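Below: one structure, written as structure tokens.
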Amino acid sequence: MVAQLGAVVALLGSCLVGTLVVSERRPSKNTKISEQQQKPVSLDKKLVGNMTESARAVLSNPLFWGIATAHAMSMVARSSDRILGEFFAHATNLPRSICGGLTLSVTAGLVHGLVSGRAFHNTKDVTRQQAFISRRYAGAVLSALALAIVAHPAVASLITSKYVMAGILVVLSACMTSCMAFQFFQIPSMVAQTFDSKKAVCISWMDATAFFMNAPIWALVGHVVATQGWSMAFCIIAA
């Protein structure tokens, strides 16, 4: 439900931005158009025209769809705190009040990922920048798979201390979100620069697309948790 509401809000935002933000056009000095020659255009027509033009310019670009899909996957890690509290409670048998606080690992991971992400901007070598992003995605996948392994009953039974289990889960969840923080917060705005005056529209549509994609993903994860357990759920998140 949260993802669906977010998608609707982001979609409305993209429509508003495309409608109200109009790029400034300066007439040529050598061209003078009299007011009598200008055809009056109704406000409604102009708004609809601006909205349609902005949406078409963004949605017809293949680059947008590639980045929007990647943004949706990074949003899965960003919003994982919605299930981690229940997962911590199930895996550690600690009080839910404590498990709720342990989800701060997501915030800590995001902060660390953004701070360490400065290494991307410190180099101008495209090859190194691509390697940086690849390592981040690989780290996120490996962290999610490690959570899946630890969540498996056969492995969880080997960890007798609930505090040790909690510590392992906190570290792994923080690593997962740290590896996705730069992609989630920085990549959309960087890519949006290529859309010139449609930058805000591009970012709004990216958020809308990510929320729409996240809704069925979290619905599937909830179903898998109920039927096959947490280990398989984290395998889906890793995928």
Side-chain angles (χ1 to χ4, degrees), residues 6 10 13-14 17-18 21 23-24 54-81 84 103-150 168-214 217 234-239:
S14 65
V17 170
V21 178
S23 58
E24 182 183 358
S54 299
R56 186 186 299 114
V58 172
L59 299 179
S60 62
N61 193 321
L63 175 63
F64 166 80
W65 291 105
I67 300 302
T69 302
H71 185 53
M73 298 305 102
S74 62
M75 185 177 283
V76 172
R78 166 64 185 87
S79 57
S80 60
D81 53 353
L84 285 178
T103 60
L104 286 173
S105 60
V106 172
T107 303
L110 292 174
V111 173
H112 175 269
L114 287 174
V115 172
S116 60
R118 289 181 296 184
F120 179 91
H121 298 290
N122 290 337
T123 178
K124 301 301 180 182
D125 187 356
V126 176
T127 303
R128 290 185 178 180
Q129 290 178 337
Q130 292 175 341
F132 175 86
I133 297 297
S134 298
R135 288 195 301 270
R136 288 297 178 104
Y137 278 117
V141 171
L142 291 176
S143 298
L145 289 176
L147 284 169
I149 293 173
V150 175
I168 293 173
L169 298 181
V170 165
V171 170
L172 291 177
S173 59
C175 288
M176 180 178 68
T177 54
S178 174
C179 289
M180 296 301 289
F182 182 85
Q183 296 90 305
F184 180 77
F185 289 106
Q186 297 291 328
I187 296 297
S189 60
M190 292 167 58
V191 174
Q193 299 299 319
T194 63
F195 287 85
D196 298 327
S197 61
K198 307 295 190 298
K199 293 190 289 287
V201 178
C202 174
I203 293 176
S204 297
W205 274 102
M206 278 189 188
D207 284 338
T209 303
F211 276 116
F212 272 121
M213 290 184 177
N214 268 235
I217 290 175
F234 278 105
C235 286
I236 293 175
I237 293 175

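Predicted, not measured: the structure shown is a model, and the values here were computed from it. Nothing fancy with the numbering, it's 1 onward along the sequence.
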### Task
Tell me, please, which residues at least two apart from Ser143 pass side-chain hydrogen bond (donor to acceptor under 3.5 Å, both in side chains).
none
### Query
Are any non-hydrogen side-chain atoms of His71 and Val191 less than 4.5 angstrom apart?
no
### Residues which pass side-chain hydrogen bond (donor to acceptor under 3.5 Å, both in side chains) with Ser74, listed by chain and number, not counting sequence neighbours
none
### Query
Of all heavy-atom pairs between Thr209 and Ala68, which one has the smallest distance, and what is that distance?
CG2-CB, 4.0 Å
### Message
Checking the side chain of Ser178 only, and the main-chain atoms of Ala174 only, is there a donor and an acceptor separated by less than 3.5 Å?
### Response
no
#### Entry: From Phe211 atom CZ to Ser79 atom OG, the distance as rounded to the nearest 0.5 Å
8.0 Å
#### Entry: Heavy-atom check, side chain of Met213 versus side chain of Val76, under 4.5 Å
no
### Task
Check whether any side-chain heavy atom of Arg136 sits under 4.5 Å from a side-chain heavy atom of Met180, and report yes or no.
no
### Summary
The reported gap from CG in Asn61 to CD1 in Ile67 (rounded to nearest 0.5 angstrom) is 10.0 Å
### Query
What is the distance from atom OG of Ser80 to atom CD1 of Ile237, rounded to the nearest 0.5 Å?
7.0 Å
### Query
Can you list the residues that meet the side-chain hydrogen bond (donor to acceptor under 3.5 Å, both in side chains) rule with Thr103, with sequence neighbours excluded?
none
### Task
Using the test side-chain contact (heavy atoms from CB on, under 4.5 Å), find all partners of Leu110 that sit at least two apart in sequence or belong to another chain.
Arg78, Val106, Thr177, Ala181, Phe185
### Task
Measure the spacing between CG of Asp81 and OG1 of Thr107 and express it to the nearest 0.5 Å.
7.0 Å
### Message
How close do Ile203 and Pro188 get, counting heavy atoms only, and between which atoms?
### Response
CG1-O, 4.2 Å
### Query
What's the shortest heavy-atom distance between Leu145 and Ala238, and which atoms?
CD2-CB, 3.7 Å
### Message
Per the ring pair (Phe, Tyr, Trp, His ring centres under 6.0 Å) rule, what does the pair list look like for residues 114-146, sequence neighbours excluded?
### Response
Phe120-Phe132, Phe120-Phe182, His121-Phe182, Phe132-Phe182
### Query
How many angstroms lie between atom CG of Leu63 and atom SG of Cys202, to the nearest 0.5 angstrom?
7.5 Å
### Message
Measuring from atom SG of Cys179 to atom NE2 of His112, what distance do you get when rounded to the nearest 0.5 angstrom?
### Response
9.0 Å
### Query
Do the side chains of Leu59 and Trp205 get nearer than 4.5 Å, heavy atoms only?
yes
### Pair Phe195-Val58, side chain to side chain contact (heavy atoms under 4.5 Å, CB included): steps then yes or no
CA-CA 7 Å; Phe195 287 85; Val58 172; 4.2 Å; yes
## Note on the structure
Across all chains, not counting sequence neighbours, the side-chain contact (heavy atoms from CB on, under 4.5 Å) partners of Ala148 are Ser231, Phe234, Cys235
#### Entry: Working for side chain to side chain contact (heavy atoms under 4.5 Å, CB included), residues Leu172 and Met176
CA-CA 6 Å; Leu172 291 177; Met176 180 178 68; over 6 Å; no
